[in-house]
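For reference, the structure discussed in these notes is given below.
The residues of the chain are indexed from 1 along the displayed sequence. Since we're looking at a predicted model, the values are computed, not measured.
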Amino acid sequence: TLYFNFSNLTSAEIERATIDVDVMDYDFFSAHDMIGSVSFDAKKIHSMENHEFYRKWVGLIDATNDQDTGYQGYLKISVTVLGPDDEQR
């Protein structure tokens, strides 16, 4: 669950915000490899019921590697975006 409380931002600033989630393969001895990433538009999540994208599967895409095409995996995620005077339910 990712929880963003943007109570200090204006509605216009929230509309321009993007939330990027990168999923990495952690390697102890070598470089960490990108599995994939997903981006969320804060405005869209803020406009959803209860200001949340709740327990949904999203596809991960690795845009940094030309050899990886299509989805590289899936992630079940919840994201909440609160603005000024919003309360989580």
Exercise. Taking the inter-plane angle between the rings of Y71 and Y74 on a 0 to 90° scale, is it parallel (under 30°), tilted (30 to 60°) or perpendicular (over 60°)?
Worked result: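 Taking Y74 first and then Y71, their aromatic rings sit tilted (interplane angle of 30° to 60°).
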
To the nearest 0.5 angstrom, please state how far the [atom1] atom of [X] sits from the [atom2] atom of [Y].
X	Y	atom1	atom2	answer
H51	I14	NE2	CD1	9.5 Å
K44	I19	NZ	CD1	13.0 Å
I45	L2	CD1	CG	9.0 Å
N5	E87	CG	CD	10.5 Å
T80	H46	OG1	NE2	11.0 Å

In terms of hydrophobic clusters joined by side-chain contacts under 4.5 Å, are [X] and [Y] together?
X	Y	result
F29	Y26	yes
V58	M48	yes
V21	V79	yes

Problem set entry | Polar side-chain atom of D62 near backbone of T64 as donor-acceptor pair, under 3.5 Å | yes

Exercise. With no hydrogens and no angle check, is any side-chain donor or acceptor of N50 less than 3.5 Å from a backbone partner on E52?
Worked result: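 No; zero donor-acceptor contacts below 3.5 Å.
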
For this session: Indicate yes or no: at least one non-hydrogen side-chain atom of Y3 is less than 4.5 angstrom from one of Q88.
Result: yes

Exercise. Is there a side-chain contact between F53 and V81, using heavy atoms and a 4.5 Å cut-off?
Worked result: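 No, their side chains stay 4.5 Å or more apart.
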
Return a table of donor-acceptor pairs under 3.5 angstrom between the side chains of residues 34-43 and protein atoms on other chains or two or more places apart.
unit_1: S37; atom_1: OG; unit_2: I61; atom_2: O; d: 3.4
unit_1: S39; atom_1: OG; unit_2: D20; atom_2: OD1; d: 2.6

